[in-house]
There are 2 protein chains.
Amino acid sequence: MANGKAAERPLTRIQQKNRQTILDAALDVFSQNGFRGSTLDQIAEVAGLSKPNLLYYFPSKEAIHAELLSLLLDTWLDPLRALDPEGEPVTEIMDYVRRKLELSRDFPRESRLFANEILQGAPRIMEALEGELKALVDEKANTLRDWAAAGRIADLPPHHLIFSIWALTQHYADFDVQVRAVLGPGHDPYAEADAFLETLFRKLLAP
Amino acid sequence: MANGKAAERPLTRIQQKNRQTILDAALDVFSQNGFRGSTLDQIAEVAGLSKPNLLYYFPSKEAIHAELLSLLLDTWLDPLRALDPEGEPVTEIMDYVRRKLELSRDFPRESRLFANEILQGAPRIMEALEGELKALVDEKANTLRDWAAAGRIADLPPHHLIFSIWALTQHYADFDVQVRAVLGPGHDPYAEADAFLETLFRKLLAP
DNA sequence: GTCTATACTAAGATAGAC
DNA sequence: GTCTATCTTAGTATAGAC
């Protein structure tokens, strides 16, 4: 009590750093092997910490995974939230496609973590899918419907239009090894995808 | 030797049936949890057999998984193989899209097994991706390029056109629970996808 | 061919020294 | 805060009775 400050529960810098190190290592491992397929040993190995030390910072393997998922969801929905009903329709949608592809390029592990969770039947995020996600998608689907009704974009089923953006952008992160195996060396998948998706959606959205 | 026939190693009917039962149960389990996340206990439970009995029919967990993957690859490539360079371009491609979507609808577990394997870095099928798959895709990409050069379809990067077909059709199997959560009740995802993808690719392919 | 029992290893988590 | 040692359970695989 020398400094006279009552330390409620502030994380020290070293604690913050170690938590980050662990989460980063866990993201590596969970995104490749899924929850059940990952072990604390693997995470500890990647993090350069001992297994008991991991469990000093987090109460359980489950807790590390839960933390990653909840951090993920916000990041994941941000680009869609940014779709502005007052903006120019085609520009707004093309911007969304670009932001989503950038997420795949810059955060492929997060994309694969999410894909793993969905493949496994979304046991830990079903609630968020049916609540938060559905609400946001329904809202933006209405925007798309209005734009179509006004003849500003083609008349397409809005939910499936959104699915197509997810599918096409996330494919480059989730199936990265396949994309690279098929393209062979000397390609920049994301640069090529950017140009291709630009073309695809411009043609698709034209009324 | 009473019957005088040297029994090389023909599988009896009951053996065939049990092998099938095991493979079917394993497909259930592996497609949801990936290889590492799945256990023989789970597979035995679903198959209605004892764990040692599983290992009477297959030498190891690894062997069951390997068998599933090798059965899968052929089925998976068949629709692309069927794309006929002599056919009418748009019809051929639309048929491919439809066949691929039907695979997702009728064999979602196979699609998820494949997705799991790729997400994990394709440790067991990388060779097939770089060999068989790449060769087939390169061949069909040439066909697409020829069609584009002849002005019979739009000029698009052929590999990415094929990726887009994979991404859009497999999404409905791999992300099934998300699709249903977002659409809510009262939808037929595959019927809607069929109509949407028909529209999408017709617009995209128009020269 | 199928089961019970069991060997052996890996994995999640905790105790307690430092 | 971090480590070594350890408990406990789950998981792959095998032995051997029936």
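Labels below follow one simple rule: chain letters A, B, ... track the order of the sequence lines, proteins then strands, and each chain is numbered from 1.
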### Query
Does the distance from a Lys or Arg side-chain N to an Asp or Glu carboxylate O, for Glu67(A) and Arg124(A), drop under 4.0 Å?
no
### Message
What is the separation between atom CZ on Phe58(A) and atom C1' on dG12(C), rounded to the nearest whole Å?
### Response
16 Å
### Aromatic ring pairing Phe30(B)/Phe35(B), orientation class (parallel under 30°, perpendicular over 60°, tilted between)
parallel
### Message
Once you apply a heavy-atom cut-off of 4.0 Å, does Leu40(A) come out as touching a base, just sugar-phosphate, or nothing?
### Response
sugar-phosphate
### Message
Could you measure the distance from the CG atom of Asp188(B) to the CZ atom of Arg180(B)? Nearest 0.5 Å is fine.
### Response
7.5 Å
#### Entry: Of Leu71(A), Leu103(A), Leu113(A), the residue whose pairing with Trp76(A) passes side-chain contact (heavy atoms from CB on, under 4.5 Å)
Leu103(A)
### Summary
Its 5'-most and 3'-most nucleotides having an atom under 4.0 Å from a non-hydrogen atom of chain B, DNA chain D is contacted over dG11(D) to dT14(D)
### Task
State, with a plain yes or no, whether a side-chain heavy atom of Asp95(B) is found less than 4.5 Å away from one of Leu83(B).
no
### Message
In terms of relative ring orientation, are His171(A) and Phe175(A) parallel, tilted or perpendicular, with 30° and 60° separating the classes?
### Response
parallel
#### Entry: Whichever of Glu62(A) and Thr12(B) has its nearest DNA chain C nucleotide further upstream toward 5'
Thr12(B)
### Task
Check every strand shown and say whether Tyr57(B) touches a base, only sugar-phosphate, or nothing at a heavy-atom separation below 4.0 Å.
sugar-phosphate
### Query
Expressed in angstrom and rounded to an integer, what is the separation of Asn53(A) atom CG from dA13(C) atom P?
15 Å
### Lys61(B) NZ to dA10(C) C1', straight-line distance once rounded to whole Å
12 Å
### Task
Starting from P on dT6(C), measure out to CG on Asp41(B) and report it in whole angstrom.
17 Å
### Task
Check the distance between dA13(C)'s C1' and Ile64(A)'s CD1 and give it to me in whole angstrom.
12 Å
